[in-house]
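Just so it is clear, the values below take in all heavy atoms, side chains as well, and ignore hydrogens, waters and symmetry mates. Here is the naming used below: chain letters follow the sequence lines, and residue numbers restart at 1 for every chain.
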Amino acid sequence: MPELPEVETIARSLREGRLNEPSILERRITDVYLLWERTLATPDPEEFKARLIGQVIQDIGRRGKFLIIQLSPDQHLLFHLRMSGDLILGQVEGPPAPHDRIILLLDGNLRLSFNDTRKFGRAWLVSDTGPILENLGPEPLDPTFSAEDLFSRLQTFHRQLKPLLMDQTFLAGLGNIYTDEALHIASIHPLRHSDTLTFAEATRLWQSIRHVLQEGIRLSGASIDWVYRGGEFQNHFRVYKRTGEACPTCGTSIQKIFVGQRGTHYCPNCQPNPQERVQY
DNA sequence: CCTGAAACCTGTCTGC
DNA sequence: TGCAGACAGGTTTCAG
């Protein structure tokens with residue numbers, strides 16, 4: 001499921017609570033179950049359990065698509081949800097749900113489950129988040145991330161624009177949905193090479209990236225298929241999963257192509273193909 | 001340096 | 001109905 005807005009939505013709901021769900025702040029971890037070993041990246045299962053039990057949750061944050069649960073100044077529990085991961089909080093009742101991979105029991109009869117159908121997700125318990133997070137690019141919603149920053153970074157590479165935007169070392173947080181949406185709003189073709197964008201185009205792209213991410217967060221993320229629940233950004237897609245439907249801007253039929261092995265949706269009128277532009 | 005393919009997984013949907 | 005194949009919100013690794 002998760003791109004930046006979905007991870008941010010989960011982080012906020014765990015931190016602040018929401019309807020019928022309490023905050024997990026200040027809760028103590030009373031027990032740990034590892035139901036699928038490969039979900040745990042580090043440390044080994046025994047140490048994982050021993051170091052977690054008794055810890056109290058101090059804060060919940062996010063960096064890119066990583067969800068970060070801070071337990072103490074030198075104990076951080078990180079989750080990456082990859083394609084199908086989710087964190088589900090509920091009362092302890094009955095057996096684990098299908099696809100639960102890691103379960104934390106919290107005081108107050110609460111159960112925090114890392115549920116992940118496709119088993120791509122990972123968890124890390126580390127004293128220092130540096131090695132895991134240090135290669136991530138800037139946070140797109142950080143107030144210090146400017147259009148000038150994006151423009152200069154784009155000029156550093158001669159790469160297809162969409163895969164570059166989804167490269168987490170270039171920019172942290174965009175995935176397939178929000179990249180397609182941002183490129184459509186900016187009227188830029190996904191196959192443009194990054195160093196061909198003008199400053200005006202880079203500025204439009206910067207604005208559209210921040211806009212779609214903020215809208216995604218405002219709408220509590222996108223809920224598609226069997227994964228995730230609650231968000232409604234999926235009702236506001238302009239191009240994603242709308243192949244053959246009318247472009248909301250000009251009415252042209254939305255096209256789907258593959259870019260870097262990922263399904264890519266765009267409007268051939270609003271986002272002209274660079275290879276078809278007449279060269280003088 | 002850049003691109004594409006494959007791998008890691010399970011579930012759903014489409015088409016024959 | 002059954003079954004093969006394509007595809008899905010991500011990332012890593014390898015070949016060319």
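- If you measure from atom NZ of A:K162 to atom P of C:dG9, you get 8 Å, rounded to the nearest angstrom.
- Applying the ring pair (Phe, Tyr, Trp, His ring centres under 6.0 Å) rule to A:H80 yields the partners A:F66; only residues at least two apart in sequence or on another chain are considered.
- Legend: residues meeting side-chain contact (heavy atoms from CB on, under 4.5 Å) with A:Q255, ordered by chain and number and at least two apart, are A:S253, A:Y266, A:P268.
- Tested against A:F114, the residues A:W36, A:F79, A:Y33 include a single ring-ring contact (aromatic ring centres under 6.0 Å, His included) partner, A:F79.
- The residue from A:I103, A:L89, A:I102, A:L87 that alone fulfils the side chain to side chain contact (heavy atoms under 4.5 Å, CB included) condition with A:S113 is A:I103.
- With sequence neighbours left out, A:H236 forms a ring pair (Phe, Tyr, Trp, His ring centres under 6.0 Å) with no residue at all.
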Q) In B/S/- notation, 5' to 3', how is nucleotides 2-9 of chain B contacted by protein heavy atoms closer than 4.0 Å? A) SSSBB-BB
Q | Dot-bracket pairing map - DNA chain B, Watson-Crick plus G-U, both contacts under 3.5 Å, | cross-strand | A | .|||||||.|||||||
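- Checked against side-chain contact (heavy atoms from CB on, under 4.5 Å), A:A147 has the following partners two or more places apart in sequence or in another chain: A:T203, A:W206.
- Take A:H184 and apply the ring pair (Phe, Tyr, Trp, His ring centres under 6.0 Å) test, not counting sequence neighbours, and it matches no residue.
- A:F199 forms part of a hydrophobic cluster together with A:F151, judged by ILVMFWY side-chain heavy-atom separations under 4.5 Å.
- The side chain to side chain donor-acceptor pair (under 3.5 Å) search around A:Q58 returns none, not counting sequence neighbours.
- Rounded to whole Å, the separation between the P atoms of C:dT1 and B:dT10 comes to 26 Å.
- Looking at heavy-atom distances under 4.0 Å, A:F237 makes no contact with the nucleic acid at all.
- When the side-chain nitrogen and oxygen atoms of A:R262 are compared with OP1 and OP2 of C:dG9, one or more of them lie within a distance under 4.0 Å.
- Contact annotation: A:Y178 side-chain N/O to C:dG9 OP1/OP2 distance is not under 4.0 Å.
- Nucleotides B:dC8 and C:dC3 are separated by 24 Å at their C1' atoms, to the nearest Å.
- One finds no side-chain N or O of A:K256 lying less than 4.0 angstrom from the OP1 or OP2 phosphate oxygen of C:dC7.
- Partners of A:H211 by ring pair (Phe, Tyr, Trp, His ring centres under 6.0 Å), not counting sequence neighbours: none found.
- The main-chain N or O of A:H76 is never found under 3.5 Å from a side-chain atom of A:Q70 such that the two would form a donor-acceptor pair.
- Across residues 165-174 of chain A, A:M166, A:Q168 each have a non-hydrogen atom less than 4.0 Å from an atom of DNA chain C (numbered order).
- Rounded to an integer number of Å, the gap from A:I10 CD1 to C:dG9 P is 17 Å.
- Atom P of C:dT11 sits at a distance of 22 Å from the matching atom of B:dG11, rounded to the whole Å.
- With sequence neighbours excluded, the residues that form a side chain to side chain donor-acceptor pair (under 3.5 Å) with A:D74 are A:S72.
- C:dA8 and B:dT3 have their C1' atoms separated by 22 Å, with the value rounded to a whole Å.
- Checked against C:dG10, B:dG11, C:dA8, the side chain of A:H99 finds its nearest nucleotide in B:dG11.
- What separates CD1 of A:I132 from C1' of C:dT12 is a distance of 15 Å, to the nearest Å.
- The nearest whole Å value for the distance from the CD atom in A:E6 to the C1' atom in C:dA8 is 14 Å.
- In this entry the distance linking CD1 of A:I257 with P of C:dC7 reads 14 Å, nearest Å.
- Atom pair A:I224:CD1 and B:dT12:P shows a separation of 15 Å (rounding to whole Å applied).
- In this structure, the CG atom of A:D86 is 16 Å from the C1' atom of B:dT10, given to the nearest Å.
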